Amino acid sequence: MSNEVRVRFAPSPTGYLHLGSLRTALFNYLFARHHGGKFILRIEDTDQSRKVEGAVENLVNILNEMGLNYDEGPGAGGKFGPYFQSERLEIYKKYCDELLAGGHAYYAFETAEELDEMRKVQQMQGRQTMYDRRARNLSENEVKEKLTSGNPYVIRLKVPLDEEIRFTDIIRGNVKIETNLIDDQVLLKSDGYPTYHLANVIDDHLMGITHIIRGEEWLTSVPKHILLYRAFGWEVPQMAHVPLILNPDKTKLSKRQGDVSTEDFLKKGYLKEALLNFMALLGWNPGDGEEREIFTKDELIKLFSIERVNSAGAVFNIEKLNWMNGEYIKNYDIDELTGLILPYLNAGGIDTSDIAKTKRVVYAVRNYISRLDEAAEHAKIYYSKLSLNEEQKDIITSETSKKVFALLYSKIGQLTEITAENFKPLLNEVQKETGVKGKNLFMPVRLALTGEEHGPELGLIAYVFGKQEVLKKLEEVL
RNA sequence: GGCGCAUUGGUGUAAUUGGUUAACACGCCGCCCUCUCAAGGCGGAAAGUACGGGUUCGAUCCCCGUAUGCGCUACCA
């Protein structure tokens, strides 16, 4: 199947998954699944100075946790490995030699200091800072001499002059850039590692990548890549550069203005389904007059098309994420939701050993929260000892309150079990028989049960406590 | 500075490949429900599509310019 879609997510392992990367991964994933193709994870670890311990493991874990499972890559195997660029050094060297032989690249021997100096001078003269291509004109003998005497070197791309590179981006349409403005980019660093530009082109080709879906920050380096494809005589994959995710002030989403890692959001109690759903809609929509906003992963896969990705950056609107997360919480399977909320309740000091009660608590609390980490605060009323202020004490010790409690107590005693439905009629009966109604009826009961003036409807509260506990609470105030 | 990309209410987006009272959602405001707080239901304010020119009988939609924002401009990705 030679025209199978193959896409890749190719992050550098920084130690956490940035939300922007999450969305790039998601778009790649949706695109692959939509077309029945392959989704590949490749680790771009060519910068030795930015190595982070455990970063790859973390990345793999979070992708799996988010349900963005890949078909090829670390831990998943595949016929196009290794999937770590740091393990493909000989490959890059080999192709680099090919470029050298074909006159598409050349050796350069400047030190970092020399290059800094060059840039400084250019800056002072108010000129554009870029490599002045000085090593292009080294003679064969000069090169040979420096090489044999062990001078450190890099290999640079020999950018053809006075040309215009044009390409078509699926999201942005036609783009053109003059080659004179393109740096003779370093392809192979002096430590023997490739730069992004070289590695990415070689790997994408060798791994049979058909579509490159990546962040907008790469758009301007596409011409360099095209030059490389051309030098190798390879076909250029289709490209789609997705817009950036922005802070509320429209700058690139950054740590400075709040959490940006997927892990942080999960920790705060955002459901992965909600996060995925929300991220998908940031810069993309199904179009066609579709007005739904809540989509399962399968629906997203079905609807997704890369052409419908927007070209402008999108502000990360956390208010809307909160709403969407709340929607998911309200509609989640109660057993699964209980499992998810458990750690947050425990962290809030709540004893969850009575799992049946915990489940009822979750059922009652879900309407009040938009994040899982808010659950404990709302659940407290179902576990705390009664503590009332003077005014509240006056309410529950009033004569009418006592009457209400006594009658309610006997009526509950006749029930086999309290449900959210059968408690309300009980109160109606109490109202009729005692003549106490409205706030005078409900508030004492509410206070007696929870010690709070606010909370869910009484039927729900009584259901959460269950018959025995409600009776016990009433005994305390009688 | 140079180059590239972008621009529909506060935010995310829509608008049968030019003809709509410019639609939906979040947020905000109000009302209803109600013992309370949420949820829910109903309604409202909020953009004349960055600005200026074209093309056209007619532009959110096509073209040009300006402004603004962002990105890139490393032996980082």
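Treat the numbers as computed from the prediction; the structure is a model and nothing was measured. Below, read A as the first sequence line, B as the second, and so on, with proteins coming before strands; counting in each chain starts at 1.
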Encode nucleotides 26-32 of chain B as B, S and - characters from 5' to 3', where the letter depends on protein heavy atoms closer than 4.0 Å: B to the base, S only to sugar-phosphate, - to neither.
BS-----

Do any N or O atoms of the protein come closer than 3.5 Å to N or O atoms of nucleotides 1-7 of chain B, and which pairs are they?
| from | atom 1 | to | atom 2 | distance (Å) |
| --- | --- | --- | --- | --- |
| B/rC5 | O2' | A/Arg172 | NH1 | 2.5 |

I'd like the C1' distance from B/rG2 over to B/rA25, given in whole Å.
41 Å

Counting the atoms with a prime plus P, OP1 and OP2 as sugar-phosphate, which does A/Glu457 contact under 4.0 Å by heavy atoms, base, sugar-phosphate, or nothing?
base

Which whole number of Å gives the distance between the P atom of B/rC72 and that of B/rA15?
30 Å

Could you state the CG-C1' distance from A/Asn440 to B/rC35, rounded to the nearest angstrom?
9 Å

Looking at A/Phe265, is A/Lys268 sitting on its ring face, NZ or CZ under 6.0 Å from the six-membered ring centre and within 45 degrees of the normal?
yes

Watson-Crick or G-U counterpart of B/rC62, or none if no pair lies under 3.5 Å:
B/rG54

Can you tell me how far P in B/rA45 sits from the matching atom in B/rA6, rounded to whole Å?
35 Å

Among the candidates B/rG69, B/rA15, B/rA77, find the nucleotide nearest to the side-chain atoms of A/Arg308.
B/rA15

Looking for any heavy atom pair under 4.0 Å, which part of the strands does A/Ser221 touch: base, sugar-phosphate only, or nothing?
nothing

Any-strand Watson-Crick or G-U partner of B/rA45, both distances under 3.5 Å:
none

Have a look at A/Thr46 and say if it touches a base, only the backbone sugar-phosphate, or nothing, with a 4.0 Å heavy-atom cut-off.
sugar-phosphate

Determine the interatomic distance between P on B/rU16 and the same-named atom on B/rA74; round to the nearest Å.
42 Å

Residues of residues 187-201 of chain A with a heavy atom under 4.0 Å from any atom of RNA chain B, listed by number, are A/Lys189, A/Ser190, A/Pro194, A/Thr195, A/Tyr196

Measure from the ring center of A/Phe304 to the ring center of A/Phe27 and say whether it is less than 6.0 Å.
yes

